[in-house]
Every structure is written in C-alpha cells, then in structure tokens.
Chemist: 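This is the structure I have questions about; it appears just below.
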Number of protein chains: 2
Amino acid sequence: MDKDKIDKKDHILDVAERVFSDLGFDGASTRTISSEAGVNMAMLNYYFGSKEGLFLAIFERKISSFRTLLQNIGSDDSMSSWDKLAKCIDNYVERIIVNNCFQKLINREITMTKRWDLSDKIVEILMVNVFEVRKIIEEGLNSGNFYKDIDIPMVIATMFGTKNYIINTPQMSSLIVGHDIRDEKFMEEVLKPRLKTYMKRLLKAYLVNENDNSK
Amino acid sequence: MDKDKIDKKDHILDVAERVFSDLGFDGASTRTISSEAGVNMAMLNYYFGSKEGLFLAIFERKISSFRTLLQNIGSDDSMSSWDKLAKCIDNYVERIIVNNCFQKLINREITMTKRWDLSDKIVEILMVNVFEVRKIIEEGLNSGNFYKDIDIPMVIATMFGTKNYIINTPQMSSLIVGHDIRDEKFMEEVLKPRLKTYMKRLLKAYLVNENDNSK
DNA sequence: CAAAATTAATCAAACGATTGATTAGTGAAA
DNA sequence: TTTCACTAATCAATCGTTTGATTAATTTTG
C-alpha cells in the first residue's frame, strides 16, 4: 500500500536522523543506518537515490514544521518586549528535547564549509528564527524598555549559543551540571526550568532598566 | 637531526589541523593529509601511531599552553574574583579566535556522541579548562563578591557557548553581526574587543553585586 | 472472474574504490 | 654494524553503490 510505503520511508528518516546526529555524515555508514532501521541496504538507494539524497530528505521533512512553528512567535501585540523575549526563551528551551538530535545534526554539518552548498540552505532556515528574535529585541530598544547601548547580535549569540552548548555537548555539560543531562526525567523536571530561569534572569540583568531580581 | 624531526612533526601537525578542520575527522583521509604535507603516508603512523593519535597530538599541542595560562590566573591572589574572571574572558576570546578553525574541529567531533573513544579524550582535556573557570566563580561566590543564587554551570555554558556560536557558525554570525566575521581585520579590530566588552558586561550584570553599568 | 502481464518492493551478493595500517627494504648517519 | 628516518608496495577491512533474482501487489486482458 501507499500508506505502508510512506510509513517505511518515514521510519528510515527517523532512524537516519538519529544515526547521522550520533556519528556525522561520514561516520554514519549506509550499512549502519539500514541495519538499525531494519531494512535492506539497497532500500536507501532505492528510496532516496544516494546517501546524500537521504541526508537531504531529512532536512526537507523538517523545514515545514519549523516554518509553521515560527508563525506564532512575535506577532502578539498585547505583550511587552521583554515578555515577548521571555516567551521566546521559554519556547526554545521547551523544544530542546524534541529536536535535539536534529539541532546537533545541523550544527555539525553547518561547520563543514568546504564540503557542499547545503550549508547555505541550513543557514537560510535558521536565520528565520534569528530575525524573529532580533525584531523583538530591536523593538524593546526603540521603545525604551531596554538599555540603549546593548549589543543585539551578541545577545542573540548568547541565547542560541548557551542552549546549543548544553545540548550539543552533553558529555561536557553533564560533567559541568553534575548530572547526566541525557536523563529525560532530569532534563524535563530540573534542567529545562533551570535553564529558563537562568536565561531570563541573565538577559534581564543585561537588557532591562528596572532592576527586579526578586522572582 | 632532532631539530629537523621536530620541525617536520610540527609541519605535519599544522597541515593536519587545517585538513581536519575543513573535512572533519572521517572526511580527512590519511592520504590527503600526508600528500598535502608532502610526506609519505606511513610517516603519520611512524610519528603518531595512528590517525587518532595524530588527531590527539594536534589537540594536546594547542591546549596545554592555555591550560597553564588559566592556572596562573586562578592562583594569583592579588586579584579579585571578578578581575580574575574578566581576565579569563579576555584571554579566552583572544586565544580561541586565533585558533578558530581548531575550535570548529573540536566542536564537530565532540558532538558525535556514539564515538566514545575519541570524544571522551577530548572531553577530558577540555574539562580541565572548565574546572579552572568554575573554581574562580565559586571563589567569588564564597567570598561574597558574587550573588548567592547564581547558577554557575549555566554561566559556564554561556561563556563557552556564546563564543562557540560565533566561531563555529560564521555564516550565521556574519549575517547577524552584519559583516563577514571571517575577515581577519574585522575580527581583530572590531569583533574581538566587542565580544570581550559584551561578555564582561553581561556576566557582571548577572554576577556582581555592585551595579555599575556606566562604562 | 481468472489468467496473464506488468510493476513495485525487497533481498543477498558482489562491485570497484578507498580507508587506516603494516610490511619489507633503502640509504645515510652514528 | 647498528640505528634511524624514510619509502614503495601491499594488507585486510570497509565504504557507497549496483546488480540480478525473487516475491508481492497491481493492472490488463480474455
């Protein structure tokens, strides 16, 4: 049936996404991917043409969900600039677990500048998120809610960089935090709220005029 | 001669560092490295034992000098905790940006969670630097110079994460900053001092009791 | 409807190429 | 002579991909 075929392709993409993110594009062999997915090796070429075609298919599938998620960010006029940014932070931290495999995959392959033009495509997708955040911060700057002399690009780097550091290098951050962050329960109940609280307090101390460190 | 041998090994390490950075650990073959370095393939195994040995040799060469630098700062009793941390930031920004292709190399390989043998060794070496920074922050916490309720692991994540984000994704950060950050002149004269200023003000606002945001 | 023809899905096996590593041997220096 | 730096040739293993054959499903035909 058609349905079964789609399910199977989807299953292969799920597995391939995980294996690629664990081992990298070169490190993940077609044999490993196919055996972990429980399909014959030739199926990868049959469905996706090549290893690179498989890799691209993973991205194609993700693009749409990214776009739709973004539409709900920053368009609410009833909130202050800071509240918007705070909501932004909560939103991204919340999505850490769901997409952490994919985020790692992106962040690794985007650094392979010599390899292919795919990185331009990745950049384009990610920049949509960045511009959304920047718009909010600029809004807070212009409205006088934030300090005049803040460095917006650097704030963005801190927002995404801090989160990326924690989820992309779990071996490091587990040692730093003192607990295995790959433990789902710990991540959900401890690390996520802790990261939200920290990020908001950190950026508020840097951005916002009023000094309200209580709560 | 002994001198010639050391020079040759150093030359191989220079070339290998560049090739690894461009192509990744898997993507860079021993044949590519040796031919680019102008030496016989077997020399790599002769000098460094294995491909992984070569990789780790690159690592050890870069990291050891910075480690001693950090330890010197940490053990200097004539400075306040904040001044120590500020000096750490300055040195870190100054140094890591010079070696940014090496930094990319590290960050790419460390995210491959399934390859324990290689990434564990990287983590072990990197953690020495992390602990050094943590010691300084803890000192500031215990001495009362910093707020009592700061989140030390998160501060570390911000320090390393912000810098990593800028360096590892130059296509992204160039768009965010509005200038090609791979331009050496811009990096040296604009971005480096800007990143230092930002990092210190950001962390000071979060960490230190006295609220001195003027200048 | 049933038989035949066609297509799609799947498989084991093997392809040539490339990988990291090793060997045996060379020649010069000590 | 023994040691050392070095090379060309070669190793087994693995890579991504292709193949020819087989089965399952669908369509066409009578």
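Throughout, a chain's letter reflects where its sequence line sits, starting with A, and its residues are numbered from 1. The model shown is predicted, which means the values in this text are computed figures rather than measured ones.
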Chemist: Measure from the side chain of A:T30, starting at C-beta and using heavy atoms only, and say which of C:dG20, D:dT17, D:dC4 lies closest.
Modeler: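 Of C:dG20, D:dT17, D:dC4, D:dT17 is nearest to the side chain of A:T30.
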Chemist: With respect to the phosphate group of D:dC6, does any side-chain polar atom (N or O) of B:K8 fall under 4.0 Å of OP1 or OP2?
Modeler: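 Checking B:K8 against D:dC6: at least one side-chain N or O falls below 4.0 Å of OP1 or OP2.
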Chemist: Using atom CZ of A:F20 as one end and atom C1' of D:dG16 as the other, report the distance to the nearest whole Å.
Modeler: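 Distance, rounded to whole Å: 11 Å.
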Chemist: For nucleotides 12-16 of chain C, which of its nitrogen or oxygen atoms have a protein nitrogen or oxygen under 3.5 Å away, and what is each distance?
Modeler:
residue : atom : partner : partner atom : Å
C:dA12  : OP2  : A:N40   : ND2          : 3.4
C:dA12  : N7   : A:N40   : ND2          : 3.4

Chemist: Closer than 4.0 Å, any side-chain N/O of B:S29 to the OP1 or OP2 of C:dT19?
Modeler: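 Checking B:S29 against C:dT19: at least one side-chain N or O falls below 4.0 Å of OP1 or OP2.
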Chemist: Could you tell me the separation between the CG atom of B:D26 and the P atom of C:dG20, rounded to a whole number of Å?
Modeler: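 From B:D26 CG to C:dG20 P: 9 Å.
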Chemist: Using the test ring pair (Phe, Tyr, Trp, His ring centres under 6.0 Å), find all partners of B:F48 that sit at least two apart in sequence or belong to another chain.
Modeler: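 Checked B:F48 against ring pair (Phe, Tyr, Trp, His ring centres under 6.0 Å); zero matches.
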Chemist: List the residues meeting side-chain contact (heavy atoms from CB on, under 4.5 Å) with A:S50, not counting sequence neighbours, and say none if there are none.
Modeler: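 By the side-chain contact (heavy atoms from CB on, under 4.5 Å) rule, A:S50 matches A:E52.
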Chemist: Do any N or O atoms from the side chain of A:K200 and from the backbone of A:L85 form a donor-acceptor pair under 3.5 angstrom?
Modeler: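 Pair absent, no side-chain N/O of A:K200 close to backbone of A:L85.
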Chemist: Expressed as a whole number of angstroms, how long is the span from B:I12:CD1 to D:dC6:C1'?
Modeler: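 For the pair B:I12 CD1 and D:dC6 C1', the rounded distance is 11 Å.
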Chemist: Going by the rule ring pair (Phe, Tyr, Trp, His ring centres under 6.0 Å), which residues pair with A:F186 if we only count those two or more places apart in sequence or in a different chain?
Modeler: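 Ring pair (Phe, Tyr, Trp, His ring centres under 6.0 Å) list for A:F186, sorted by chain: A:H179.
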Chemist: Does A:Y47 make a side-chain N or O approach to OP1 or OP2 of C:dT10 shorter than 4.0 Å?
Modeler: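 Yes, within the criterion.
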Chemist: Roughly, in whole Å, what's the span from CG in B:N45 to P in D:dC4?
Modeler: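 After rounding, the reported distance stands at 19 Å.
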Chemist: Could you tell me the separation between the NZ atom of B:K51 and the C1' atom of D:dC15, rounded to a whole number of Å?
Modeler: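 After rounding, the reported distance stands at 12 Å.
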Chemist: Taking side-chain contact (heavy atoms from CB on, under 4.5 Å) as the definition, give me every residue that meets it alongside B:R194, ordered by chain and number, with sequence neighbours left out.
Modeler: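 side-chain contact (heavy atoms from CB on, under 4.5 Å) check on B:R194 returns A:D151, A:P153, A:M154, B:V177.
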Chemist: Looking only at the side chain of B:M43 (C-beta and beyond, no hydrogens), which of the listed nucleotides D:dT7, D:dG16, C:dT10 gets closest?
Modeler: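 Closest nucleotide to the B:M43 side chain: D:dT7.
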Chemist: Does the cation-pi check pass for A:R201 over A:Y206, that is, NZ or CZ under 6.0 Å from the six-membered ring centre and within 45° of its axis?
Modeler: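 No; the conditions do not both hold, so A:R201 does not lie above the ring face of A:Y206.
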Chemist: Could you pull out all residues at least two apart from B:E189 that satisfy side-chain contact (heavy atoms from CB on, under 4.5 Å)?
Modeler: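 With neighbours one apart ignored, the set is B:K185.
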Chemist: Think B:Y46 has a side-chain N or O under 4.0 angstrom from the OP1 or OP2 of D:dA5?
Modeler: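 Yes, such a contact exists.
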Chemist: Can you check the A:F25 CZ to D:dC15 C1' distance for me, whole Å?
Modeler: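 Interatomic distance, CZ of A:F25 to C1' of D:dC15: 12 Å.
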Chemist: Measure the distance from CG on B:L44 to P on C:dA21 and round it to the nearest whole Å.
Modeler: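 To the nearest whole Å, that distance equals 9 Å.
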Chemist: Please state how far atom NE2 in B:H11 lies from atom P in D:dA5, giving the value in whole angstrom units.
Modeler: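 So the two atoms are 18 Å apart, to the nearest Å.
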